[in-house]
Structures are given as C-alpha cells and as structure tokens.
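In what follows, a structure is listed as structure tokens, so that the remarks can point back to it.
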Amino acid sequence: MTYPRSRSTLLGAGALALTLAVGGTVGWNTPDGSAASPVTTSSDDTAFAATFRHKFAKVRGVRMHYVTGGKGPALVLLHGWPQTWYEWRKIMPALAEHHTVYALDLPGLGDSKGSPESFDKKTLARYVHELLRDRIGLDDFDLVAHDLGAGVGAQYASRYPHEVNSYVHMDYPLPGRKLPAAQYRTFSWHMAFNSQRAIPEELVDDREDVRAYITAFSTQVAHGGTAFGGTRTKPPFTREETAEYARTYSRPDALHAGFELYRTLDEDERDNTAAAPTDTPTLLLTATGSLAATRPTLTPLLRNVTRAVEIPKSGHWLAEENPEAVTREILAFTDR
C-alpha cells in the first residue's frame with residue numbers, strides 16, 4: 001500500500017515495546033488445534049461458525065488454508081499485510097447471503113503452512129489458481145483483493161481472465177509502468193523497513209513485538225492517522241483482531257513470508273509491466289483521499305475500471321473501518 005500524500009517518520013525506538021492488553025485469542029479460528037489456546041466464544045462467533053468452515057488443501061507442497069460458506073456464485077477474497085483471511089470476517093456473513101465465499105490465507109501466511117517458490121505476486125497467483133481450479137474445482141468466480149493481496153489479484157486477472165467474472169481491487173497502487181518499485185518504497189517508512197534483508201526479522205522477533213508493530217502501524221494508516229496527515233492514536237483494530245494477526249505473524253516462517261511480500265516488489269514491477277492487459281470489469285476501492293494517486297497505476301494492466309470509489313471515513317483498512325460501505329459496493333458490483 002502507498003500513501004503519497006504523506007511520508008511518516010521511522011517508527012521510534014521504543015515503539016516495539018508498546019503492548020496492547022489482550023486476554024487471549026479467538027478460539028474458533030484455530031482450525032486444527034495447533035495454534036493458540038481457545039477462549040470462550042461469543043454468540044457472534046457461534047453464528048459465524050454456523051455458516052463458515054475451515055478447510056485445507058495441499059498445493060505444490062504448501063498446505064493452504066481457506067474459510068468457506070454461503071450460497072450462490074463463488075466469491076474469492078485475498079487479504080493484505082499484516083492481515084490474514086480474518087480481515088474479511090465483518091463482511092463475510094453479508095456476502096454469504098449472495099455468494100459462496102472463499103476467504104484464503106495466502107501461501108505461507110495465516111494458517112497456510114509451507115513456503116512457496118517465491119513471494120512475487122505472479123508466483124502467488126499461480127498457487128491460488130491451483131487451489132481454486134484444481135483443489136476446490138472453481139471454473140469462474142468474482143475476485144476481491146486488498147493491499148498486497150491485490151497485487152496477487154491483479155496478476156490473477158491478467159493470467160486467468162476467463163476465470164474472473166469481475167475483480168474488486170482494494171487500496172493498492174500497482175508497481176509497474178507508472179510506479180517503479182524504488183519510488184514505491186519512498187512513500188512510507190514501513191515499505192523501506194520491511195524490504196530490508198534480515199533486519200525486520202531480527203527486530204520484530206516475538207509476539208509482543210509483532211503485536212506492537214501491528215498496533216502502531218495500523219493506527220498510522222487508519223482514517224485520521226499520521227499517514228493521512230492526522231493525529232489519530234486509537235487503533236483501528238479490535239483487541240481480538242490484533243491478537244489474531246499477532247498469533248499468525250508470531251510464527252517465524254509467517255513473519256518472514258510477510259516481509260518477503262515487500263522484498264519482491266522489484267519482481268512485481270517487472271511482472272506487471274510485462275503482463276497482458278485485461279478487460280475484466282474492475283471496481284477500484286480506496287481509502288478516503290487516495291483514489292487520484294492510485295487509479296493511474298492500475299490502468300496499464302487493468303484496462304476496464306468501470307467504477308472507482310473512495311470509501312467514506314476509511315483509511316487503508318477498508319473492510320474493517322467501513323464494512324457496510326465495502327459490502328454495499330461489492331454486492332452491487334457482483335450482482336448479475
């Protein structure tokens with residue numbers, strides 16, 4: 001993600017010591033019992049579990065995790081960083097009233113285990129393709145992707161255009177002809193930091209560090225945060241959301257995989273420049289104030305952006321900050 005309107009200063013030395021008091025993690029989202037100890041679930045969790053199921057499938061040696069439920073045409077959701085399938089949880093029940101929803105953990109992230117051949121977005125799109133086509137058996141679907149997951153989504157729409165009925169691209173300028181990766185990394189401190197070799201893993205090396213990083217960073221790029229010229233100090237994620245992301249990214253291989261998403265931006269620039277343009281109908285959703293900077297980076301690859309909208313009162317975390325608006329836009333766009 002990029003925020004050309006403002007460049008934040010590097011996270012202060014004491015920031016990783018920041019803690020967020022969390023009593024535990026959510027129990028229903030530990031699909032094989034191998035993760036954190038479950039806690040008592042709320043009635044909301046019980047209702048969610050009545051519709052959705054956790055499933056796994058092996059793709060090229062990677063055990064990929066996804067959550068599925070609902071009825072109707074297939075709708076696939078791809079998450080960003082530092083998130084997992086869980087970023088979609090607030091909007092999945094409403095989407096499932098109209099679609100059979102598949103919320104994926106990208107290879108090596110969340111509860112997907114194993115390392116793909118590379119974390120460039122073209123390679124990750126191939127893993128997602130094999131999961132959807134060869135393991136799940138989907139011939140066509142609507143695709144929604146956010147942040148670095150939208151880097152995967154754009155490559156997917158280019159490489160497999162006959163499978164993607166419509167594409168929703170959420171708050172992610174594309175490295176490519178209009179945006180070199182080197183310039184991309186100047187837009188925010190976290191992009192330069194995450195791209196460094198070994199240093200991020202050495203500094204963010206336990207669960208409290210991960211929790212502190214997610215808390216501080218998510219606040220900066222939320223609506224009213226410093227990345228948008230504001231002074232916001234309240235985290236945009238609930239304690240449960242932060243705890244869930246900290247649970248998964250505290251796994252050393254998942255933490256490394258997340259940073260690799262940034263270290264492969266140069267490959268992404270080359271791949272997006274070389275990719276075949278697609279005419280798949282595309283909806284672009286961005287944070288408030290980000291549309292003008294984002295749209296031009298998409299058009300060389302995604303030629304058919306039929307609607308482009310800034311989500312009101314939302315920073316980067318669209319599906320969490322304004323789930324009602326995001327749900328409304330997705331359902332209207334995918335309604336056939």
Side-chain angles (χ1 to χ4, degrees), residues 1-18 79-83 106 108-109 118-124 146-152 154 170-206 209-222 225-232 235-236 245-246 249-250 252-273 286-287 289-290 293-294 296-298 315-317:
M1 65 198 139
T2 110
Y3 308 98
R5 299 170 57 211
S6 167
R7 297 185 186 181
S8 302
T9 56
L10 187 65
L11 196 65
L16 291 182
L18 176 68
H79 67 85
W81 182 93
Q83 297 171 289
L106 292 173
L109 296 167
S118 171
F119 286 91
D120 68 82
K121 312 314 170 287
K122 180 176 72 174
T123 297
L124 296 184
H146 174 232
D147 186 64
L148 287 149
V152 180
M170 292 176 55
D171 212 51
Y172 184 71
L174 278 177
R177 280 193 189 90
K178 299 292 184 70
L179 182 60
Q183 181 183 357
Y184 202 117
R185 291 190 175 98
T186 69
F187 290 150
S188 171
W189 66 265
H190 83 281
M191 294 178 186
F193 176 77
N194 289 1
S195 296
Q196 300 303 307
R197 296 292 172 188
I199 294 173
E201 288 91 337
E202 292 178 6
L203 296 182
V204 188
D205 63 353
D206 62 32
D209 285 348
V210 172
R211 191 193 318 273
Y213 191 169
I214 292 173
T215 302
F217 170 64
S218 65
T219 303
Q220 287 184 342
V221 299
T226 56
F228 295 96
T231 59
R232 178 179 182 140
Y245 299 143
Y249 282 95
S250 295
D253 55 337
L255 183 68
H256 173 73
F259 294 137
E260 285 292 304
L261 293 174
Y262 289 86
R263 292 168 183 152
T264 50
L265 287 174
D266 295 285
E267 290 97 316
D268 297 340
E269 176 193 340
R270 292 192 291 270
D271 291 338
N272 289 336
T273 299
T286 75
S290 294
T294 303
T297 71
L298 270 62
H316 177 64
W317 318 107

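We use all heavy atoms of the structure for the numbers below, so side chains are in, but hydrogens, waters and symmetry mates are not.
Nearest approach of P173 to T297, heavy atoms of both residues: CA-OG1, 3.3 Å. The shortest heavy-atom contact between T264 and S118 is CG2-OG, 4.3 Å. The two atoms that bring D120 and D271 nearest to each other are OD1-OD2, 3.6 Å, heavy atoms only. Shown here for A257 and G108, the closest heavy-atom pair between the two residues is CB-O, 3.6 Å. Shown here for A246 and I214, the closest heavy-atom pair between the two residues is N-CD1, 3.9 Å. Nearest heavy atom pair, residue L255 against residue V204, reads CD2-O, 2.9 Å.
Residues D266 and R185 have side chains in contact (heavy-atom distance under 4.5 Å, counting atoms from C-beta outward). Between D206 and S250, every side-chain heavy-atom pair lies at or beyond the 4.5 Å cut-off.
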Let me see the working for V221 and W317 under side chain to side chain contact (heavy atoms under 4.5 Å, CB included), right down to the final yes or no.
-> CA-CA 8 Å; V221 299; W317 318 107; 3.2 Å; yes

Do Q220 and W189 pass the side chain to side chain contact (heavy atoms under 4.5 Å, CB included) test, and can you show the C-alpha distance, the side-chain angles, and the key distance before you say yes or no?
-> CA-CA 11 Å; Q220 287 184 342; W189 66 265; 2.8 Å; yes

Check the pair H79 / L109 against side chain to side chain contact (heavy atoms under 4.5 Å, CB included), numbers first and verdict last.
-> CA-CA 10 Å; H79 67 85; L109 296 167; 3.9 Å; yes

Checking ring-ring contact (aromatic ring centres under 6.0 Å, His included) for the pair Y172/W81: CA distance, chi angles, key distance, verdict?
-> CA-CA 11 Å; Y172 184 71; W81 182 93; over 10 Å; no

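N272 places a side-chain N or O within donor-acceptor distance of the main-chain N or O of P175, the cut-off being under 3.5 Å. For the pair T123 (side chain) and F119 (backbone), a donor-acceptor distance under 3.5 Å is absent. Side-chain atoms of R263 come within 3.5 Å of backbone atoms of Q196 as a donor-acceptor pair (strictly under, hydrogens ignored). Panel note: side chain T294, backbone S290; a donor-acceptor pair is recorded below 3.5 Å. Checking side-chain atoms of H146 against main-chain N and O of H316 turns up a donor-acceptor pair under 3.5 Å. Between the side chain of K121 and the main chain of L261, a donor-acceptor pair closer than 3.5 Å is present.
We find the CG-CG distance between L174 and L265 to be 11.0 Å, quoted to the nearest 0.5 Å. Atom CG of L124 sits about 9.5 Å away from atom CG of L148, to the nearest 0.5 Å.
Screening F217, Y245, Y213 for a side-chain contact (heavy atoms from CB on, under 4.5 Å) with P82, the sole residue that qualifies is F217.
The pair R197-E260 counts as a salt bridge, with a side-chain nitrogen and a carboxylate oxygen less than 4.0 angstrom apart.
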